[in-house]
> 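Encoded as structure tokens, here's the structure I'll be asking about.
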Amino acid sequence: APFIARGSWARASSGELRLAAWAGYISPEMLDAFEKATGIKTTYTPYGTNEEILSMMRVNQGSGFDAIWPALDRVPNYVEDGLIQPIDESRVEWDRCIDSAIKSSETLGAVVDGKRYQVPTDWGTEALTFDTEKLPLEYGSASYADLWQPELAGKVTVRGHSALVGLALWLEREGKLPRPFLDSFKDADAMRANYDVILAEAIARKATIAQFWSNQNEAQGAFRTNGCILGQTWDSTAAGLKDEGLPISYLAPREGALSWMEGISLPLGSENVEQAYAFINWMLTPEAGAMYASHARVNTTAKGADAFLPQEMKTFFQNAYPEDAIDNLWWWPVQENWFVEIRGEYQDKFLSA
Amino acid sequence: MSEIFQRFGKTLGGIFLALVLLWLAGLVLVPGIYMVNASLTPRLPPALRGGPEDVYVLDNFAYLLNHPNHGWIFFKTIWSSALVTFTTLLLCYPIAYWLAHVARQWQMRLMLVLMLVPYLMNEVLRGLAWYIILAFSGPLNAALMWLGLLDEPQRWYGDGGVVAGMAYAYILFMLFPIYNAICTLDRDQINAARNLGSSTWRIHWRIVLPHAKVGIATGCVFVFMMAAGSYVAPALLGAPGSRWFTQLVYEWFFEIGNWNRGAAYGVALMAMCLTVVLGLLALFRVNLTSAIK
Amino acid sequence: MPIVEKLDTSGTLPGVSTPAASAVSMQNVEMRFGGTHAVKPLSLDVQQGEFFSILGPSGCGKTTLLRLISGILKPTAGRIFINGNDMAGVPQNMRETAMIFQSLALFPFMTVWENIAFGLEARGIGKKERRRRAQELLDLIALPDHGERLPGELSGGQRQRVAIARALAIQPKVLLLDEPLSALDLKLRQHMRAELRSLQKSTGVTFFYITHDQSEALAMSDRVAVMNAGTLQQVGTPHELYTRPKTQFVAQFVGEANVLSGQVSQIERGTAVLECPEGSFAGCSTPGLRKGDQARLYVRPEAIHIGGGVRDNGLTLTIERYDFEGAFATAHAVLSGSLSRCPVSLTISQQSLSAAPAPGSSFRAGFSAQDAIILPNE
Amino acid sequence: MPIVEKLDTSGTLPGVSTPAASAVSMQNVEMRFGGTHAVKPLSLDVQQGEFFSILGPSGCGKTTLLRLISGILKPTAGRIFINGNDMAGVPQNMRETAMIFQSLALFPFMTVWENIAFGLEARGIGKKERRRRAQELLDLIALPDHGERLPGELSGGQRQRVAIARALAIQPKVLLLDEPLSALDLKLRQHMRAELRSLQKSTGVTFFYITHDQSEALAMSDRVAVMNAGTLQQVGTPHELYTRPKTQFVAQFVGEANVLSGQVSQIERGTAVLECPEGSFAGCSTPGLRKGDQARLYVRPEAIHIGGGVRDNGLTLTIERYDFEGAFATAHAVLSGSLSRCPVSLTISQQSLSAAPAPGSSFRAGFSAQDAIILPNE
Amino acid sequence: MLRRILARLGQVASRLYLLAFAGFLLGPLLILGGAAFNDSNFPTVSPWQGATLKWLQALFHDGEIGDALISSGIIAGGVILVSLPIGIASALVLNSLHGRARGFIYGLMVSPMLIPGIVIGISTLLFWRQIGVNGGYFLTILAQASFISSFVMLMIAAQLQRFDRTMEDAALGLGASRLMVLRRILLPYLRPAILAACCLAFLQSFENYNTTLFVRGTETPLTVFIATKVRTGLTPVINALGLVMMLAALLGAVLWELKRIKTFARA
Ligand SMILES: Nc1ncnc2c1ncn2[C@@H]1O[C@H](COP(=O)(O)OP(=O)(O)OP(=O)(O)O)[C@@H](O)[C@H]1O
Ligand SMILES: Nc1ncnc2c1ncn2[C@@H]1O[C@H](COP(=O)(O)OP(=O)(O)OP(=O)(O)O)[C@@H](O)[C@H]1O
Ligand SMILES: [Mg+2]
Ligand SMILES: [Mg+2]
């Protein structure tokens with residue numbers, strides 16, 4: 001019964017954009033502006049993690065939404081499971097997008113088997129968030145290692161799987177990894193060899209962790225109400241806390257901030273493709289980009305958005321990435337399904353320990 | 001079966017039986033079998049399904065058995081659920097007795113209304129209330145420090161917090177069965193025992209408790225079931241060291257994406273619940289039919 | 001009166017007040033539940049070893065009275081003595097009474113012998129001794145092999161006996177029984193009556209028995225107190241209550257009675273005459289009855305005899321129908337010549353049935369003033 | 001016998017077989033529930049307009065019999081006719097019977113008039129007409145203003161009457177009543193007996209009445225069938241059953257009886273002599289009784305008279321106790337000189353109580369052979 | 001004397017226990033509701049940042065919550081529509097059975113209550129996915145109904161146990177058809193139980209999270225919405241929502257009690 005199989009009989013294809021995006025990325029003002037610009041109404045469903053939206057797509061076999069917002073490095077997962085469709089590049093206003101983003105996204109996951117599956121819209125990092133009063137950090141000396149110091153027992157928050165990556169970068173710098181860390185993303189044996197070492201180190205130092213976060217809200221909660229003074233979090237997390245007036249700052253460590261890019265992809269079952277492209281193109285306008293960046297506190301790929309950004313955002317950016325930090329970013333390589341599965345295994349062992 | 005047709009006639013009887021069949025087979029049994037089936041097959045990408053690798057294996061269960069922590073988490077979940085069950089039982093018995101045999105009408109009514117309110121809201125909100133209370137900089141720590149019982153804030157999230165939150169969330173499922181059971185106790189039984197010279201303790205031990213047995217068993221079964229199968233409370237109130245089995249199941253499905261292994265974990269959870277429930281009933285010497293009324 | 005003595009030999013010491021203290025003595029005892037005045041101030045003495053019954057309609061306060069004695073309830077006013085000891089402040093588990101509840105209240109999860117021994121268990125007596133004493137009681141109630149059963153596996157009469165044994169196990173001075181037979185069927189009830197009586201005789205324990213069944217009260221008791229709406233109406237032997245009721249309530253509640261209403265026209269040497277619309281009738285006068293009072297005359301159906309013989313009171317009746325009841329038939333008749341339809345019923349024995357007038361026919365009947373009683377309206 | 005006629009005028013056509021077809025006719029009807037043989041093959045004819053009762057102990061199959069007639073159950077064997085029509089294959093909602101259940105089974109959520117009109121509703125009769133007819137019946141049962149109440153708001157007796165009206169509304173040929181009075185208390189029960197009887201008379205509907213209460217059956221019915229363990233023991237008028245029981249079961253179940261066991265030594269002109277360990281006694285013989293048979297003699301307590309007058313049978317008794325029952329007392333005595341303790345009970349009227357022997361004393365008594373009956377052991 | 005003191009102590013202790021229990025029940029609610037008035041971005045009562053009504057205002061302007069409520073309502077309505085016929089039919093079937101068959105069927109019928117919620121969610125999802133049906137309203141309703149039907153069945157069966165079956169015979173004897181017996185006798189008799197079962201089914205569906213989580217597809221019923229908020233952007237708006245639901249629950253509970261008192265007084 002196709003009627004049932006659509007999964008939802010309450011909404012028909014109505015010309016309304018059904019958008020699934022990260023929680024906190026879309027503000028009502030943005031939706032209003034979008035509607036004003038294009039006449040398209042939008043319903044917005046938030047999610048908190050890459051896994052959440054991926055599994056939602058899996059459960060619904062790629063239907064239910066017209067546009068989703070996965071991380072660039074996870075796009076191949078969707079392609080492998082046949083959940084998203086290639087982008088019709090002719091319908092995208094590429095000249096609105098920063099060139100370097102278009103270029104680097106090709107190698108970082110947006111293009112699979114020669115077909116593009118995602119239009120990059122923003123990028124951000126995961127680095128050190130710290131309490132400026134209780135634990136001031138300096139660029140150059142600050143390191144992922146700081147998270148694992150025994151004297152910080154019960155005062156740190158990290159995310160399960162990315163904490164292992166940060167730890168890996170420190171261990172690699174110390175020369176303690178058996179294989180080059182980037183090989184882990186290409187070869188399961190290399191990965192296991194490296195991750196065994198990383199995991200052992202992480203478990204030995206687990207006492208510092210007060211709380212694991214998996215989404216922005218939890219990460220912020222760790223600082224707000226759970227007594228944490230240092231964490232490995234997204235830049236937007238720290239920016240949000242700082243906005244609230246908390247003595248929080250954000251800094252790239254010497255090993256390099258973990259950087260990701262995100263963008264909009266079209267699920268296989270997208271019913272309002274027209275509207276989805278309209279949204280992509282609107283997101284790349286400088287005004288929309290600025291609105292977006294200042295609401296979500298991530299960095300937009302829309303050309304010329306800087307001009308519209310408030311001053312404190314620019315200051316935050318400069319403080320976070322002083323000196324050569326911007327050149328030193330560590331970009332997430334593609335994480336294929338096999339990698340994610342093994343990654344999950346190690347994360348689980350880490351969490352369960 | 002013939003009696004159904006005799007009582008309701010062919011048409012109505014047929015409709016009733018069809019509905020029952022639809023429910024028990026279509027909604028419960030077949031999906032259950034499907035889940036077991038899924039738990040016995042490996043996770044394969046769509047391309048490989050139906051191929052030579054698509055055979056029955058015990059890998060998914062073996063993974064659970066061989067995992068350094070999951071087995072432990074499994075038993076901790078049982079143990080903690082039992083703890084929740086026991087705590088709620090201890091908390092509820094005196095109240096149930098009081099409601100049934102001591103309280104005046106208005107007291108009883110007031111208490112019942114008070115108790116219904118948290119129950120009529122949803123489980124997530126009940127969990128949220130405890131999430132707020134137990135927060136590091138939350139009211140519990142503030143109150144304890146103000147009272148001078150603590151010098152610095154404590155972390156309450158973790159197994160303790162989960163147990164407290166669950167006890168709160170499920171306490172009514174313990175209270176009502178016991179209350180109902182004690183209500184049916186003829187007050188003359190208590191009078192008779194006292195009349196024969198019995199002390200209050202003895203009355204409870206020898207008269208009220210045996211009578212309330214079925215209610216207690218029912219309450220225990222329900223609370224245990226709910227605690228073991230709850231995802232909200234551990235997700236909200238847990239800490240790095242306190243993972244629950246349901247969280248593992250959730251992760252297999254929604255983070256790692258290995259549904260087959262998730263199904264296996266689900267089967268294990270169900271098997272464990274049924275074992276404990278049947279064990280409880282046997283322990284109380286209550287049969288399923290008289291429990292759950 | 002020789003008859004009274006004859007009936008009384010079944011009991012022990014009816015009517016005769018012994019010097020020993022009363023088994024139960026209530027003095028101006030009163031009980032209120034909020035607005036309900038369940039027991040109005042009353043006094044009552046029950047002799048040692050007596051089979052004493054309270055008889056009254058449903059809701060008249062019988063159970064309340066019993067619960068006051070047992071200590072389940074505390075009286076709002078008045079004092080209660082058991083064997084001469086004031087019971088004020090003595091909790092129920094310290095009184096020398098044992099109660100048998102209407103519902104029996106056997107403990108369903110304990111075996112019969114555990115039930116019986118429960119009172120001993122509460123007194124901290126060892127298991128062996130408990131078993132021994134329970135067995136003695138099981139022998140007494142003629143259920144020696146039923147100790148290991150559960151109450152649910154016994155018949156109604158057996159359960160009844162177990163409840164008695166359980167109460168007797170604690171060797172009470174007074175046994176309080178709350179309508180213990182009302183749940184049983186007729187034949188069993190009659191059988192258990194005899195059993196209760198002989199048990200009371202053989203143990204010598206004072207029985208304080210409650211019932212709303214007048215035939216039960218009359219057949220079993222040494223003395224009966226009739227109760228209505230929280231007050232005691234009359235206390236006396238069954239024979240006294242039946243033949244010499246002191247109030248209209250007692251006359252009507254105990255046994256069947258034909259009633260004639262009128263005004264007292266004359267009182268002389270214990271005999272009064274009542275002027276009714278149906279004629280004037282003579283009957284025994286009662287204390288407090290005065291000339292000119294509105295009053296009622298009560299005469300039992302078996303006291304009205306067919307035939308025009310020399311009786312104090314003559315009636316002309318028209319038979320409407322006979323209800324055949326086996327040993328006798330009840331004739332339903334109306335008084336001829338009365339303006340309102342005044343029904344009169346007569347008991348006609350099996351043997352004299354063949355001589356009885358045919359339905360529809362009129363005939364003369366009469367009763368002696370001795371057999372009738374005139375009571376003033378309250 | 002004049003007496004029989006006298007009693008029978010209350011009914012319509014007892015004993016006399018009319019040419020009209022029977023209201024209910026059962027021919028070799030049998031009912032098994034798996035292993036239970038609830039009704040053994042029996043035949044029975046109930047006349048038009050008769051008040052017919054089935055009397056038997058609990059579990060003897062009375063209800064089953066009624067349900068067979070109403071069509072709730074289908075007989076395992078045999079045929080049932082109602083007004084001459086074979087009922088095989090006729091479902092219960094098509095039969096000309098109406099049933100009144102022990103529990104009454106009033107519909108608690110419908111008003112009284114809706115209850116009464118339910119049968120009419122089922123027949124598709126319009127609301128106005130239903131109301132009108134219901135009102136007629138409400139008038140008949142003397143509850144004209146109670147139509148809008150719910151059954152829960154009525155007293156026991158009123159509910160009873162509504163159940164009757166509901167059954168009468170569909171104008172049944174036969175009204176089947178399953179112990180309709182057993183849930184009421186004594187006084188109300190006696191009142192409702194009279195009401196049921198007069199209703200039956202005024203409507204002329206055949207009543208098929210079930211009860212385990214012998215006094216009810218005796219008092220109300222034109223004819224009674226005594227049932228035991230699925231078989232019919234005897235069918236006859238109440239007087240026949242009481243005075244001329246045909247089986248030992250009937251003799252013992254209907255009324256009280258004293259029993260003597262022995263061997264028949266002589267049968268002559270309707271009188272038999274039984275040799276018992278206690279002596280030899282004469283009584284009415286019964287068909288099928290032969291010399292040398294083991295048999296029992298039954299004599300009613302009221303048939304034994306105190307005094308050494310010229311009776312057919314003499315007894316020496318020792319009084320044990322008197323149970324005072326109001327109108328009369330029951331004397332419990334034992335037969336002197338018998339080896340085993342042979343209990344005998346006598347009914348002593350109130351009036352003669354004063355002349356009765358004292359407990360413990362021995363005295364002579366006797367009964368006439370006319371009043372005793374000798375039945376062979378089965 | 002000692003006895004009196006002990007008795008008095010016992011009384012005081014039981015009073016205290018009662019108070020503590022009431023506190024345990026109500027304290028979290030007070031804190032949950034109180035935080036809705038705290039002028040802090042994160043729901044808490046300590047530290048108290050001053051009173052505000054802005055969160056309540058925000059609640060009434062929040063369209064997403066409205067959508068979630070509607071979504072929950074649709075699901076609950078569907079669950080009632082599915083589980084009520086099933087529950088009634090099951091109770092009637094059970095009521096007509098005897099002996100072993102009854103025990104066995106009864107066991108089967110209560111078993112869904114003994115399966116953890118997430119397991120029901122998983123099995124429903126796996127099964128229907130296999131035959132091509134995705135998560136969404138349809139699956140959510142089916143998954144919830146599969147165990148809520150058990151509750152409905154139990155409530156109806158309890159009422160049926162007190163049903164005097166001779167009423168059916170009486171109706172048939174008066175000439176009613178089987179359908180009329182069902183319509184005029186059984187269903188009216190069961191009405192209170194059916195109403196109660198509706199309430200229970202609604203509540204169970206409304207508060208369900210563990211099962212819904214797996215089968216909701218892309219729908220966002222209220223519990224999932226709240227849970228998502230708690231995980232991805234908790235503000236005191238959720239407390240304001242909790243407060244409103246609490247008041248609604250209180251109103252509901254009081255009305256329910258009043259109705260009980262009324263029916264009690266009438267009986
Ligand atoms: N605990 C109580 N609270 C309020 N009223 C009560 C209580 N117990 C009894 N009553 C009232 O007191 C009156 C007497 O009740 P009681 O139980 O003594 O009657 P009873 O004579 O035993 O009646 P029955 O024969 O029906 O058992 C009744 O009106 C009853 O409603
Ligand atoms: N549906 C049934 N299935 C099996 N046995 C039954 C059924 N109905 C009745 N019986 C059995 O048939 C016998 C007669 O039952 P019935 O109800 O007719 O007795 P009764 O004379 O009406 O008794 P009572 O006076 O107690 O109502 C009993 O042994 C009973 O157990
Ligand atoms: Mg009473
Ligand atoms: Mg019957």
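Each chain gets a letter, A, B and so on, in the order its sequence line appears, and its residues count up from 1. Keep in mind that the numbers below use all heavy atoms, side chains included, and drop hydrogens, waters and symmetry copies.
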> Given a strict heavy-atom distance threshold of 4.5 Å, which part of B:Ile171 is in contact with chain E: side chain, backbone, both, or neither?
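For B:Ile171, the side chain is the part near chain E, not the backbone.
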> E:Val82, E:Leu203, E:Leu213: which one forms the most heavy-atom pairs within less than 4.5 Å of chain B?
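If we count pairs closer than 4.5 Å to chain B, E:Leu213 comes out on top.
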> Backbone N or O of E:Leu258 within a donor-acceptor pair of the B:Arg109 side chain at under 3.5 Å?
no
> Answer with side chain, backbone, both or neither: which region of B:Leu274 has an atom nearer than 4.5 Å to a non-hydrogen atom of chain E?
side chain
> Given heavy-atom pairs under 4.5 angstrom as the criterion, report whether the side chain, backbone, both or neither of E:Leu186 touches chain B.
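Only the side chain of E:Leu186 comes within 4.5 Å of chain B.
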> What part of B:Ala142 lies closer than 4.5 angstrom to a heavy atom of chain E: side chain, backbone, both or neither?
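It is the side chain, since no backbone atom gets that close.
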> Would you mind checking which part of B:Leu114 comes under 4.5 Å of any heavy atom in chain E, side chain (CB onward), backbone (N, CA, C, O), both or neither?
both
> Under a 3.5 Å distance rule, please check whether E:Tyr17 uses its side chain to pair with a backbone N or O of B:Ile95 as donor and acceptor.
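No, E:Tyr17 side chain to B:Ile95 backbone: no donor-acceptor pair under 3.5 Å.
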> Given the options E:Gly121, E:Gly10, E:Ser90, E:Ala157, which has more heavy-atom pairs under 4.5 Å with chain B than any of the others?
E:Ser90
> Please lay out, stage by stage, how B:Phe253 and E:Ile118 fare under the test side chain to side chain contact (heavy atoms under 4.5 Å, CB included).
CA-CA 11 Å; B:Phe253 268 84; E:Ile118 66 169; over 6 Å; no
> Exactly one of E:Asn95, E:Val181, E:Leu172 should register a side chain to side chain contact (heavy atoms under 4.5 Å, CB included) with B:Arg7. Which one does?
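Between B:Arg7 and the candidates, side chain to side chain contact (heavy atoms under 4.5 Å, CB included) is satisfied uniquely by E:Asn95.
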> Do the rings of B:Tyr231 and E:Tyr209 sit parallel, tilted or perpendicular, given the 30° and 60° boundaries?
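Aromatic pair B:Tyr231/E:Tyr209 classed parallel.
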> To the nearest 0.5 Å, what is the distance between CG (E:Leu18) and CH2 (B:Trp98)?
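Rounded to the nearest 0.5 Å, the CG-CH2 separation comes out at 5.0 Å.
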> At a heavy-atom separation under 4.5 Å, does B:Met111 approach chain E through its side chain, its backbone, both, or neither?
side chain
> So what's closer than 4.5 Å to chain E heavy atoms on B:Val124: side chain, backbone, both or neither?
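Side chain only.
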> Nearest 0.5 angstrom please: E:Trp256 CH2 to B:Leu112 CG, how far?
12.0 Å
> Contact part of B:Val232 toward chain E, heavy-atom cut-off under 4.5 Å: side chain, backbone, both or neither?
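Backbone plus side chain of B:Val232, per the 4.5 Å heavy-atom cut-off to chain E.
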> Side chain, backbone, both or neither: which part of B:Tyr265 has an atom under 4.5 Å from a heavy atom of chain E?
neither
> Side chain from CB out, backbone as N, CA, C, O: work out which of these in B:Met108 comes under 4.5 Å of a heavy atom of chain E, or both, or neither.
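Side chain of B:Met108 only, per the 4.5 Å heavy-atom cut-off to chain E.
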> In terms of heavy-atom proximity below 4.5 Å to chain B, should E:Ile120 be classed as side chain, backbone, both, or neither?
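Neither; nothing under 4.5 Å.
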> Check E:Arg165 with B:Glu3, please: is the shortest side-chain N to carboxylate O separation under 4.0 Å?
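Judged by the 4.0 Å cut-off on N to carboxylate O distance, B:Glu3 and E:Arg165 do form a salt bridge.
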> To the nearest 0.5 angstrom, please state how far the CD1 atom of B:Ile132 sits from the CG atom of E:Asn239.
4.0 Å
> For the candidates B:Thr200, B:Leu128, B:Asn141, which exhibits the highest count of non-hydrogen atom pairs separated by less than 4.5 Å from chain E?
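Ranked by heavy-atom pairs under 4.5 Å with chain E, first place is B:Leu128.
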> Examine whether an atom of E:Met109 lies under 4.5 Å from a heavy atom of chain B, and if so say whether it belongs to the side chain, the backbone or both; otherwise answer neither.
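Both the backbone and the side chain of E:Met109 come within 4.5 Å of chain B.
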> Mind ranking B:Ser137, B:Gly26, B:Ala135, B:Ala228 by heavy-atom pairs under 4.5 Å with chain E and telling me who comes out on top?
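Counting heavy-atom pairs under 4.5 Å, the top option is B:Ser137.
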> E:Phe151 versus chain B, heavy atoms under 4.5 Å apart: side chain, backbone, both or neither?
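For E:Phe151, the side chain is the part near chain B, not the backbone.
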> Would you mind checking which part of E:Ser83 comes under 4.5 Å of any heavy atom in chain B, side chain (CB onward), backbone (N, CA, C, O), both or neither?
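Neither part.
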> Checking side chain to side chain contact (heavy atoms under 4.5 Å, CB included) between B:Val117 and each of E:Leu26, E:Leu25, E:Leu29, which is the one that passes?
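Result: among E:Leu26, E:Leu25, E:Leu29, E:Leu29 is the only option passing the side chain to side chain contact (heavy atoms under 4.5 Å, CB included) with B:Val117.
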> Under a 4.5 Å heavy-atom cut-off, does chain E meet the side chain of B:Phe8, its backbone, both or neither?
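Contact with chain E: backbone and side chain both.
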> Mind ranking E:Gly117, E:Ser14, E:Pro43, E:Ala248 by heavy-atom pairs under 4.5 Å with chain B and telling me who comes out on top?
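Most heavy-atom pairs within the cutoff with chain B belong to E:Pro43.
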> Of the non-hydrogen atoms in B:Trp130 and E:Pro28, which two are nearest, and what is the gap between them?
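The pair with the smallest heavy-atom distance is NE1-CG, 3.6 Å.
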> Specify the closest pair of heavy atoms between B:Tyr119 and E:Glu207, including all atoms of both residues, with the distance to one decimal.
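For B:Tyr119 versus E:Glu207, the nearest heavy atoms are O-OE1, 3.9 Å.
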> Please give me the minimum heavy-atom distance between B:Cys273 and E:Pro116, naming the atom from each residue.
SG-CG, 3.6 Å
> Check whether B:Ala38 gets within reach of chain E through its side chain, its backbone, both or neither, counting any heavy atom under 4.5 Å.
side chain
> My understanding is that only one of E:Pro112, E:Ser146, E:Ser123, E:Ser149 makes a side chain to side chain contact (heavy atoms under 4.5 Å, CB included) with B:Leu27; could you say which?
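Answer after filtering E:Pro112, E:Ser146, E:Ser123, E:Ser149: E:Ser146.
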> So for E:Ile115, is it side chain, backbone, both, or neither that comes closer than 4.5 Å to the heavy atoms of chain B?
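Its backbone and side chain both get close to chain B.
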> Quick one: CD1 on B:Ile133 to CG on E:Leu30, what's the gap to the nearest 0.5 Å?
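B:Ile133 atom CD1 to E:Leu30 atom CG measures 9.5 Å (nearest 0.5 Å).
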> Considering only heavy atoms, which portion of E:Leu179 lies under 4.5 Å from any heavy atom of chain B: side chain, backbone, both, or neither?
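E:Leu179 touches chain B through backbone and side-chain heavy atoms alike.
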> Atom CG in B:Leu12, atom CZ in E:Arg183: separation rounded to 0.5 Å?
11.5 Å
> Quick one: do B:Trp23 and E:Ser150 satisfy side chain to side chain contact (heavy atoms under 4.5 Å, CB included)? Show the steps, please.
CA-CA 10 Å; B:Trp23 172 36; E:Ser150 294; 3.3 Å; yes
> Just verifying a value: how many Å separate E:Thr124 OG1 and B:Tyr34 OH, rounded to the nearest 0.5 Å?
13.0 Å
> Mind ranking B:Pro139, B:Gly266, B:Ala263 by heavy-atom pairs under 4.5 Å with chain E and telling me who comes out on top?
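The answer is B:Pro139.
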> Select, from B:Leu116, B:Leu24, B:Val102, B:Asn37, the one with the greatest count of heavy-atom pairs under 4.5 Å involving chain E.
B:Leu24
> Is a donor on one side and an acceptor on the other found under 3.5 Å between the side chain of B:Asn122 and the backbone of E:Thr223?
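Checking the backbone N and O of E:Thr223 against the side chain of B:Asn122, no donor-acceptor pair under 3.5 Å is found.
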> Of all heavy-atom pairs between E:Phe21 and B:Leu91, which one has the smallest distance, and what is that distance?
CE1-O, 3.9 Å
> Is B:Thr246 in contact with chain E via its backbone, its side chain, both, or neither, using a 4.5 Å heavy-atom distance?
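Contact with chain E: backbone and side chain both.
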> Looking at chain B, which one of E:Asp169, E:Leu241, E:Leu126, E:Asn210 has the largest number of heavy-atom pairs inside 4.5 Å, strictly under?
E:Asn210
